[in-house]
Amino acid sequence: GCHSEMSTVSLYFYNHLMTHAWEDVAKIFHDMSITEMHHLEIFGTLARQLGENPRLWSRRGEGKVYWSPGCNHYPTALRPMLVNAISGEKAAIRKYEAQAKFIRDANVVENLRRIIADERVHVAMLSQLLRRYCAGTTGPQPKKD
């Protein structure tokens with residue numbers, strides 16, 4: 001769905017491309033997209049183990065809706081990009097924490113807790129970038145090509 005690991009992978013790939021002027025920021029988005037791909041693999045594996053088809057879809061009522069990148073917000077300036085990413089990571093943490101409270105399968109809960117730990121690291125990294133590049137009044141300045 002809109003708030004999924006696949007959405008995050010695609011958004012961080014985009015952010016990586018858009019932040020080429022800040023090599024460290026671009027690398028962090030690249031590395032985080034790989035971590036999010038690993039999360040996507042974990043969820044796909046869990047789906048298979050639980051007898052589900054790991055297609056990129058979500059349930060809506062009685063039907064299924066395929067994933068679309070149309071849900072993503074695509075800021076082009078660094079500050080809104082970082083704020084958007086932090087917001088998405090925090091929303092994922094809240095969602096996975098809620099799921100871990102009611103799911104009774106120990107394996108699923110263990111995987112959720114591991115993913116939550118990764119998402120918390122992402123929040124810390126993105127927050128550090130926000131402070132580093134966007135704390136001033138003039139905004140971040142890209143390096144010259």
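For the numbers below, each heavy atom of this structure counts, side chains included, while hydrogens, waters and symmetry mates do not.
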Do you know which two heavy atoms are closest between [X] and [Y], and how far apart they sit?
X: Ser7; Y: Ser10; answer: O-OG, 2.9 Å
X: Ala100; Y: Val109; answer: O-CG2, 3.8 Å
X: Pro54; Y: Gly44; answer: CB-O, 3.6 Å
X: His73; Y: Asn84; answer: O-ND2, 3.5 Å
X: Leu82; Y: Cys134; answer: CD1-SG, 4.1 Å

Note to self: side-chain contact (heavy atoms from CB on, under 4.5 Å), that's the test. Do Met32 and Leu126 meet it? Break it down for me.
What the structure shows: CA-CA 10 Å; Met32 288 190 330; Leu126 292 163; 3.5 Å; yes
Checklist line | More than 12 heavy atoms of other groups within 6.0 Å of His16 NE2 | finding: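 Counting neighbours around NE2 of His16, more than 12 heavy atoms of other residues, nucleotides or ligands fall under 6.0 Å, so yes.
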Next item on the list: Report, as yes or no, whether the 6.0 Å neighbourhood of atom NZ on Lys27 holds more than 12 heavy atoms from other residues, nucleotides or ligands.
Entry: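 Result for NZ/Lys27: open.
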Spatial distance of atom [atom1] ([X]) from atom [atom2] ([Y]) [nearest 0.5 Å]:
X: Thr35; Y: Met37; atom1: OG1; atom2: CE; answer: 8.5 Å
X: Glu119; Y: Arg114; atom1: CD; atom2: CZ; answer: 10.0 Å
X: Met125; Y: Gln128; atom1: CE; atom2: CD; answer: 8.5 Å
X: Thr76; Y: Tyr14; atom1: OG1; atom2: OH; answer: 6.0 Å
X: Asp24; Y: Arg132; atom1: CG; atom2: CZ; answer: 4.5 Å
X: Arg94; Y: Tyr96; atom1: CZ; atom2: OH; answer: 12.5 Å

Next item on the list: State whether the side chain of Asn72 and the backbone N or O of Tyr74 hold a donor-acceptor pair below 3.5 Å, judged by distance alone.
Entry: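 Looks like no, no N/O pair under 3.5 Å.
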Checklist line | N/O donor-acceptor pair under 3.5 Å between Thr45 side chain and Glu41 backbone | finding: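 Checked: pair present.
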Group every Ile, Leu, Val, Met, Phe, Trp and Tyr by side-chain heavy-atom contacts under 4.5 Å, then state whether [X] and [Y] land in the same group.
X: Ile86; Y: Tyr12; value: yes
X: Ile115; Y: Val123; value: yes
X: Ile116; Y: Val108; value: yes
X: Phe43; Y: Val9; value: no
X: Leu11; Y: Met6; value: no

Checklist line | Intermediate values then yes/no, side-chain contact (heavy atoms from CB on, under 4.5 Å), Val25 and Met81 | finding: CA-CA 11 Å; Val25 177; Met81 187 182 295; 5.9 Å; no
Next item on the list: Scan Leu129, Val83, Thr19, Leu130 and name whichever one has a side chain to side chain contact (heavy atoms under 4.5 Å, CB included) with Leu78.
Entry: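 Considering Leu129, Val83, Thr19, Leu130, a side chain to side chain contact (heavy atoms under 4.5 Å, CB included) with Leu78 is found only for Thr19.
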Next item on the list: Carefully, step by step, assess Lys95 and Gln99 under the rule side-chain contact (heavy atoms from CB on, under 4.5 Å).
Entry: CA-CA 6 Å; Lys95 176 175 75 171; Gln99 290 171 341; 3.8 Å; yes
Next item on the list: Check the pair Leu46 / Asn107 against side-chain contact (heavy atoms from CB on, under 4.5 Å), numbers first and verdict last.
Entry: CA-CA 9 Å; Leu46 287 171; Asn107 181 45; 3.4 Å; yes
Check: In terms of the angle between their ring planes, are Tyr133 and Trp22 parallel, tilted or perpendicular, with boundaries placed at 30° and 60°?
Finding: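 Perpendicular.
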